[in-house]
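Numbers restart at 1 for each chain; the letters A, B, ... are given by sequence-line order, proteins then strands. We use all heavy atoms of the structure for the numbers below, so side chains are in, but hydrogens, waters and symmetry mates are not. Just so we're clear, the structure is a prediction, and the values are computed from it rather than from any experiment.
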Amino acid sequence: MSSTGRVGADQPPILTFEDVTKRYGDLLALQGVSCQVNRGEVVCMIGPSGSGKSTLLRCANALETLEGGRITFDGADVHAAGGDARKVRQRMGMVFQNFELFPHLTVLRNVTIGPTTVLGLDRAAADARARALLAKVGLSDKAGQHPAALSGGQQQRVAIARALAMEPALMLFDEPTSALDPETIGEVLSVMKALADEGMTMVVVTHEMDFAKRVADWVVVFDQGRVIEQGPPRQIFEAATVQRTREFLSHLGWHGESIAEVAAGE
Amino acid sequence: MLDFSPLVTRWHFLLNAFWVTVYISLLSMAFGFVIGVVVGALRTYGGRGIDRVLGFYVDSMRSLPQLVVLVWTFFAFPLIAGFSLSSITAGVVALSAHLGAYMAETVRAGLTSVRKGQMQAALALGMSGFDAIRKIILPQALIRMLPSLGSLCTFAIKDSAIASVIAVPELLRQSQIVTGQTYRYAMIYTTLMIVYFLLCYPVARGVDRLYRRVAHLGSS
Amino acid sequence: MTSGWSLIWENADRFAAGALLTVELTVLTMILAIPGGLVLAFLRLSRWRVVRFAATAFVELFRSTPLILQIYWVYYILPVFTEIRLPGLAVALTGLVCNISSYNSETFRAGIVSIRRGQWNAGLALGMTNAQVMLRIVLPQAAMRVLPALASTWVSLFKDTALVSVIHVNDLAYVALKIRTETFVILPVLNAMALFYWLMGYPQAKLVDWIHRRYKVAE
């Protein structure tokens with residue numbers, strides 16, 4: 001598994017995981033996980049539920065602590081003692097499975113509260129930025145409403161705008177479509193694909209294999225807290241080298257259709 | 001029984017007493033609320049030590065009758081502190097301290113009822129813990145606690161009447177002066193029941209209606 | 001004239017008698033206010049609008065007025081209608097029972113209503129009558145739900161008994177205040193009063209917390 005030919009391999013990686021270990025009480029959620037994310041890359045993390053993917057994401061922006069190993073962002077240790085986790089989080093955007101929009105604020109305020117409170121922008125500038133982003137995700141007309149009035153897919157698109165308002169260097173997506181009705185999954189995935197096409201560096205934990213196949217530059221496969229395989233989508237989905245990967249994919253109904261075939265069938 | 005003339009002739013006296021009732025009710029609600037938010041937030045986010053110490057204050061106020069707290073504040077506190085308190089001051093202090101403990105429990109329950117994900121989402125944007133609590137968690141918690149807060153407010157109004165035992169010139173006490181003069185006990189106490197009802201019932205219903213309109217702003 | 005804690009010790013029997021009466025009042029009130037609350041709850045759920053209105057008016061009256069006023073009011077209004085002048089203790093008990101029954105009725109009503117309609121339907125579908133469903137399916141489940149609220153009401157009631165001192169019933173508060181007026185000793189007596197109430201009340205508050213944790217409702 002070499003990194004040559006990977007997107008962004010000409011520059012140092014933006015995010016690295018070195019031998020990361022994490023426990024919850026007796027449970028070893030992550031066991032020596034190592035991988036990296038290059039600038040401009042879209043990395044998809046797949047694997048059975050409970051295999052540690054979401055935990056790894058939350059460790060990346062210091063929402064969780066580590067028991068062992070190192071995570072670096074732009075060369076600096078994220079969990080360094082005396083380091084500023086807030087600065088790291090400002091430069092990473094996170095989108096949650098349950099959207100986690102702030103229900104007491106309007107949609108517009110949800111998007112502006114990060115820039116005004118954390119970046120110190122004045123309201124006018126924050127509003128302008130927010131409106132542009134809401135237009136980008138297709139929800140300009142919902143700016144004055146509260147999250148309770150929006151569908152799940154709409155809320156998630158607002159959540160993406162909220163994260164983008166901080167102008168992050170890297171976007172983390174934690175199963176962004178798992179809590180959505182099938183009809184609304186598509187609208188969220190389109191927004192994410194558009195973001196990827198613009199060159200945003202993204203780490204996406206997902207069960208949407210179609211999306212991973214079409215949009216990912218690199219796929220990391222997890223099982224029981226370990227990385228069992230990683231490589232370009234072509235390798236993972238058509239010619240996986242590890243048996244367990246093949247089992248997992250076939251369990252999802254994936255029988256190794258080639259990427260070209262699926263692309264042709266759209 | 002239906003001759004209200006003793007009340008009518010003293011209407012000015014009783015109206016002042018009514019305002020005193022309103023005054024000490026509002027003050028104890030306000031101070032109690034501030035105590036409640038501070039103590040409740042500190043107990044939720046301040047760590048085990050602070051939680052225990054403040055828990056002692058809260059549980060003690062839950063164990064002591066308002067009457068005891070009022071009498072002690074007015075008669076015993078001056079002997080320890082060296083200065084005396086007016087009856088209204090003592091009344092407000094005692095009622096606020098007592099109500100504040102119940103408010104703190106309500107606030108604590110409200111804060112812990114907000115989804116964990118909300119705190120994570122706020123932190124993920126780079127907010128400090130303090131900002132996250134102040135701007136994201138606390139507003140939602142307050143909306144969710146509205147029914148309990150409303151009920152505590154009616155208790156503030158009802159408990160103001162207990163202040164009569166330390167001679168605070170509120171409505172019950174001043175009305176008792178009138179009964180002492182006129183012996184019209186049944187009529188005056190019945191009127192008082194109606195007046196307090198007209199004070200408390202609308203507050204309770206009002207909070208109910210307000211909650212129904214804003215509840216969606218607090219559900220995450 | 002003795003002062004300080006020796007005074008308290010000398011009057012230990014009076015304090016004990018007062019504390020005992022406080023406890024007796026609490027227990028007796030609750031024993032009467034549980035069926036009282038149940039009756040009121042059912043009246044509020046009755047099919048007839050007049051019955052519902054009357055019961056609701058009673059409950060709202062006693063929940064929206066101060067207990068101290070209710071005690072005075074019962075003391076002076078009863079003779080007007082019943083020609084009897086009840087002794088202080090009976091009046092106090094009447095006031096307390098009316099008040100606590102009203103709070104209990106709310107608790108019971110909420111508990112009964114909170115049992116999902118599906119439970120009713122399941123019982124009826126088995127062929128049970130309304131009464132059987134109520135007795136065997138709804139009430140047992142509602143009982144678990146109301147226990148925490150009843151426990152909280154119990155502690156409130158314990159504190160409220162101090163108010164009967166205003167009509168000179170010999171509870172702990174009245175005994176303490178009487179000793180203070182007789183001896184002019186203020187600080188030790190008031191400290192003792194607070195301490196005794198705290199000693200009785202604190203364990204009850206902790207017990208209520210335990211009950212709330214143990215009987216938390218999981219939907």
Next on the checklist: For B:Phe31, is the CZ atom crowded, meaning more than 12 foreign heavy atoms sit under 6.0 Å from it?
Outcome noted: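 No, because the 6.0 Å sphere around CZ of B:Phe31 holds 12 heavy atoms or fewer from other groups.
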
Checklist entry - Just wondering, more than 12 heavy atoms not from B:Tyr23 lying within 6.0 Å of its OH? => result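 No, not enclosed.
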
Heavy atoms, side chains only, cut-off 4.5 Å: are [X] and [Y] in contact?
X	Y	answer
A:Ile113	B:Ile136	yes
B:Gln118	A:Pro103	yes
A:Val118	B:Asp131	no

Starting at [atom1] of [X], measure out to [atom2] of [Y] and round the result to the nearest 0.5 Å.
X	Y	atom1	atom2	value
A:Asn98	B:Gln120	CG	CD	10.0 Å
A:Leu105	B:Gln140	CG	CD	8.0 Å
B:Leu123	A:Arg89	CG	CZ	5.0 Å

Measuring heavy-atom distances to chain B, does [X] have an atom under 4.5 Å in its side chain, in its backbone, in both, or in neither?
X	value
A:Leu119	neither
A:Phe102	both
A:Arg91	neither

[X] versus [Y], closest heavy-atom pair with distance:
X	Y	value
A:Arg162	B:Ala121	NH2-CB, 3.8 Å
B:Ala124	A:Asn61	CB-ND2, 3.9 Å
A:Arg86	B:Gly126	NE-O, 2.9 Å

Checklist entry - Under the 3.5 angstrom rule, does the side chain of A:His104 hit a backbone N or O of B:Lys135 as a donor-acceptor pair? => result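 Yes: the side chain of A:His104 pairs with the backbone of B:Lys135.
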
Item to check | B:Ile143, part contacting chain A, at a heavy-atom distance under 4.5 Å | outcome: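 For B:Ile143, side-chain heavy atoms alone lie under 4.5 Å from chain A.
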
